[in-house]
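Let me begin by presenting the structure, written as structure tokens, before commenting on it.
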Amino acid sequence: MSKYSRRRWIGAAAGASGLAGAAALAARYGLLPPDHGGLYGAGESLTYAAQRVLTRHSLAREFAPSQISTPPFANSSSPRDEEYKRLQAEGFAGWRLAIDGMIARPTSFSVADIQRYPSRSQITHLACEEGWSMIAQWTGAPLSIVLDAVGVLPQARYVVYFSQEKGWWDSIDMADALHPQTLVAYGMNGGELPAAHGGPLRMRVPRQLGYKSVKFINRLTVTDTLKSFGKGLGSAAPEDGYAWYAGI
Ligand SMILES: Nc1nc2c(c(=O)[nH]1)N[C@H]1C(S)=C(S)[C@@H](COP(=O)(O)O)O[C@H]1N2
Ligand SMILES: [Mo]
């Protein structure tokens, strides 16, 4: 074995044990993502733990109005089902966002209820895992304000959110749930949130990839464990091979 290849081999071994060590540390400090058990588990733990330690309070970049993307946007919203069309025909007056789990006051909000909370507008980048992206202005109620209103219990660790569209759900940890840029969004580029972009309500998580910004949300659950949701990996994404934590 040449010196060079031997060094490479030692480097690779050190890298692998470093990953395992990082995963052990992450577990000790409660920084294991819910999909840490799979093939890329150690890497996922390292990414999540490092981001949480280094960038917990950092803001996603915000852009100038002149940088907003112009249509058409490359999104893939399939035609909506009958239930959605019925609600849409009534101007979404009957749309409800239920909230339950580890909160003091389980309730459900109409779109108008959400719009009565203080709003935030921000021009951020939505990056799809498939390679395209767009910049838009998003308006909504910070999720932190909605959570404040229902009294999150101290044991809470995650917020799980569900779409009216079957099969779409995801979750974020409390650091992202309470982050000032995480919105329950109802507006885009100064108008209503179009159906193609998840109207009447979508989650907007600008510090993570586009798939975390679930459209057509109708239920939030606050929880201390993700084990009881789906296959226990934290969202539908890891069931298809994508990371639960998709920080950018
Ligand atoms: N309900 C629902 N939410 C969804 C999706 C979807 O197909 N259905 N696509 C996700 C993906 S992969 C991305 S990149 C963004 C796209 O957002 P846009 O349609 O506003 O461009 O929405 C996310 N939220
Ligand atoms: Mo995407």
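Order of appearance sets the numbers: ligands from 1, and atoms from 1 within every ligand. The shown structure was predicted, so the numbers you read here are calculated from the model rather than taken from an experiment.
Of the residues R207, K212, R157, the one that meets the salt bridge (charged side-chain N to carboxylate O under 4.0 Å, His left out) test with D176 is R207. For the pairing with L97, the side chain to side chain contact (heavy atoms under 4.5 Å, CB included) check across I217, T107, V111 returns one residue only, I217. Among the candidates Y186, Y84, F216, the single residue satisfying the ring-ring contact (aromatic ring centres under 6.0 Å, His included) test with F92 is Y84.
At least one heavy atom of M134 sits less than 4.0 Å from an atom of ligand 1. Distances shorter than 4.0 angstrom occur between a heavy atom of S213 and an atom of ligand 1.
By the 30° and 60° cut-offs, the orientation of the rings of F229 relative to W169 is tilted.
Distance check: R120 CZ to R204 CZ gives 12.0 Å after rounding to the nearest 0.5 Å.
Of the candidates W132, W168, Y161, it is W168 that places a heavy atom closest to atom 6 (C) of ligand 1. Of the candidates K166, H197, Q164, R202, R202 brings a heavy atom nearest to atom 22 (O) of ligand 1. By heavy-atom distance, the residue among E129, K215, E165 lying nearest atom 3 (N) of ligand 1 is K215.
Side-chain contact check for S133 and H125: at least one donor-acceptor pair (N or O, by modelled atom type) lies under 3.5 Å.
Remark: ligand 1 and S163 share an N or O pair separated by less than 3.5 Å (distance only, no angle test).
Contact annotation: for A196 versus ligand 1, heavy atoms closer than 4.0 Å belong to the backbone alone.
Within 6.0 Å of atom NZ in K227, 12 or fewer heavy atoms from other residues, nucleotides or ligands are found, so the atom counts as exposed in its surroundings.
Contact atoms of ligand 1 toward F216: 1 (N) (distance under 4.0 Å to a heavy atom of the residue). Shown in contact with V214 at under 4.0 Å from a heavy atom are these atoms of ligand 1, numbered in order with element: 3 (N), 24 (N). Each of the atoms 14 (S) of ligand 1 lies under 4.0 Å from some heavy atom of C128.
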